[in-house]
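Accompanying notes for the structure given below.
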There are 2 protein chains.
Amino acid sequence: MQVTPELLSRFTLLKPLPRQVLEGLAPHASLVRHARREVVVRAGVREDRVCFLFEGRLQGVGHTIDGREVGLYFVEPGDFCGELALFDDSPQPEFVIATAAATVVFLARNPLREVMLNSSSVSNIVGRKLAERVRQMTEQRTLLGLSNIDQRVCGQLYLLIKGEQRQVESGEIVNPPTHQEIAIMLNISRERVTRAFQALQSRRIVRRDGPGRLVIIDLNSLRRFARGEEEL
Amino acid sequence: MQVTPELLSRFTLLKPLPRQVLEGLAPHASLVRHARREVVVRAGVREDRVCFLFEGRLQGVGHTIDGREVGLYFVEPGDFCGELALFDDSPQPEFVIATAAATVVFLARNPLREVMLNSSSVSNIVGRKLAERVRQMTEQRTLLGLSNIDQRVCGQLYLLIKGEQRQVESGEIVNPPTHQEIAIMLNISRERVTRAFQALQSRRIVRRDGPGRLVIIDLNSLRRFARGEEEL
DNA sequence: AAATTGACGTGACCAGAGTCACAAGCAATT
DNA sequence: AATTGCTTGTGACTCTGGTCACGTCAATTT
């Protein structure tokens, strides 16, 4: 499906680009809808495009040698993935799957790379984004260091809450990942995630609101549990 | 201590740079020796320099909210760290400490950034390196997905063996990390690492050769254990 | 409407990792 | 030579999280 420059400018990475540049990129972009559980980016192949998430939620997953899934990161709307293709020609190290029905924009790699190299301000932006990705991975890895598993779950939930919402006392997560998907992010079993959620729900800290919406009732308590100041 | 352009060209990142550029960078570089356990890069401060490791071994470590250490990555001689400063102005997310007496070269951030922005070939190289760092972190994270802990230790040891050595049947790791340092990389206890090493040593797969040298006697077996084809 | 599928919930069991406590070995320093 | 400090080695006990085996429920397909 055709993509307009306006649509491209909805993404934080591309927003600062001049109109003219976006018009040049638009013909190399295509809009694709993915059903839940579909593979969006394949591991092991050299991708010739970068994936921008417009709506839904994506998850990067790796695999251990013995076949277990490993959760690497979540992608929120407005963000992107597969950006390593911009920097080298090695194959993508991980799969990216849709954890909720998703609308994504694929942007051909080479035109974007051109833009990036010709304009130092663009390569600045892309570089900053990649640096942010490293920080995000570091943060995620730090979660795994927590010995108390309920703490990990609370920490993960906290990471899933968008920055703007963190100031207030309650929030929500749209299209939350399943227990299984959280489990592979935190290196724990699906059942253990369920039990953690049970504890959180019985204390009225979180509440499910139908599928596709998780309400954080008491954000302060969630934060305290994530910090280990209090135990579930 | 003064740094010569020749010294700079010993690093894989800087090697491809034209002599002239290296001469421009050299005045902004300084050579520093760090004793074992010393902090090389501090977390939470905006670093104005990038750190290249000449000799020894470094380890990036984060901290959970409750103070536990989290091992993030190892840095081998010829490689570098603190490179996020090249891309943004946010503070360094992690500490970097010397796990063995180390000689490092600090290179001021801004001159290097200039070089990077002015030459697209240089920003290519830096970008590729950062992409490689992401791959490395992914690989490291995947290790944590292994449910069998001996497998994790073997996998970590395998990662510590330099690429060139992986082809042959035996290898060595100079300045190996302590059990404690491996433990925080793999999210396990120090004692558990010791027990894994006991098993490997009694099977004549690895052998300590004084401090600062770990000999891998049977690399093939190590690989098989890392893959879970056989259990300790 | 029935069947199927996928996500969530829950109990029982147990292997295995953490923890604690202490000993032994080794290096550098006094 | 003695001391100090760090690393490694080892046993015993505890307890948590994984696993298995179900059941429930809602949504979607046939």
Side-chain angles (χ1 to χ4, degrees), chain A residues 35-38 57 59 64 66-70 97-101 143-153 157 173 175-202 206-214 228 231-232, chain B residues 35-38 57 59 64 66-70 97-101 143-153 157 173 175-202 206-214 228 231-232:
Chain A
R36 178 181 174 67
R37 294 260 109 201
E38 266 184 1
R57 185 187 300 280
Q59 180 180 33
T64 59
D66 54 341
R68 280 169 65 101
E69 276 190 322
V70 177
I97 58 174
T99 71
L143 268 190
L144 298 185
L146 295 168
S147 44
N148 183 319
I149 288 209
D150 294 313
Q151 221 178 323
R152 276 193 225 174
V153 175
L157 283 179
I173 301 172
N175 294 323
T178 64
H179 293 181
Q180 177 61 47
E181 283 153 359
I182 294 176
I184 65 164
M185 291 293 288
L186 301 176
N187 251 15
I188 56 184
S189 68
R190 195 267 312 166
E191 291 90 332
R192 191 61 187 75
V193 176
T194 298
R195 291 187 227 272
F197 266 84
Q198 286 309 303
L200 285 172
Q201 274 160 4
S202 72
V206 307
R207 175 169 57 82
R208 273 212 93 91
D209 186 19
R213 192 149 173 276
L214 183 71
E231 291 215 350
L232 280 176
Chain B
R36 178 180 172 68
R37 292 260 111 199
E38 267 185 359
R57 184 187 301 279
Q59 179 179 35
T64 60
D66 55 340
R68 277 169 65 100
E69 276 191 321
V70 177
I97 59 174
T99 69
L143 266 190
L144 299 185
L146 294 168
S147 44
N148 183 318
I149 289 208
D150 294 314
Q151 221 178 324
R152 276 193 223 174
V153 175
L157 283 180
I173 301 173
N175 293 324
T178 65
H179 293 180
Q180 177 64 46
E181 284 153 357
I182 294 176
I184 66 164
M185 291 293 287
L186 300 177
N187 251 15
I188 56 184
S189 67
R190 195 269 309 166
E191 292 88 333
R192 192 59 188 78
V193 176
T194 298
R195 292 187 225 272
F197 267 83
Q198 285 310 303
L200 285 172
Q201 274 159 5
S202 72
V206 307
R207 174 170 57 82
R208 274 212 92 93
D209 185 18
R213 191 148 175 275
L214 183 70
E231 292 214 349
L232 281 176

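Quick note on labels: first sequence line is chain A, next is B, and so on, each numbered from 1.
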Under 4.0 Å protein heavy-atom contact, by nucleotide of nucleotides 24-30 of chain D - B base, S sugar-phosphate only: -------

Under 3.5 Å: donor-acceptor pair, side chain of A:R36, backbone of A:T99: yes

Check: A:Q59 side chain, A:E181 main-chain N or O, donor-acceptor pair, under 3.5 Å: yes

Any B:H179 side-chain N or O less than 4.0 Å from OP1/OP2 of D:dC6: no

Phosphate contact (C:dC8 OP1 or OP2) by A:Q201 side-chain N/O below 4.0 Å: no

Sugar-phosphate, base or nothing in reach of B:E181, heavy atoms under 4.0 Å: nothing

Angle by which the axis turns from one end of the helix from C:dA1-D:dT30 to C:dT30-D:dA1 to the other, five pairs per end, to 10 degrees: 40°

Contact pattern, 5' to 3', of nucleotides 10-19 of chain D - B, S or - by protein heavy atom under 4.0 Å: BBB----SSB

Stepwise side-chain hydrogen bond (donor to acceptor under 3.5 Å, both in side chains) check, B:E191 with B:T194: CA-CA 5 Å; B:E191 292 88 333; B:T194 298; over 6 Å; no

Polar side-chain atom of B:N187 near backbone of B:L144 as donor-acceptor pair, under 3.5 Å: no

Rounded interatomic separation in angstrom, taking CD1 from A:I184 and P from C:dA7: 12 Å

Sugar-phosphate, base or nothing in reach of A:R152, heavy atoms under 4.0 Å: nothing

Sugar-phosphate only, base, or nothing, as touched by A:R36 at under 4.0 Å among non-hydrogen atoms: sugar-phosphate

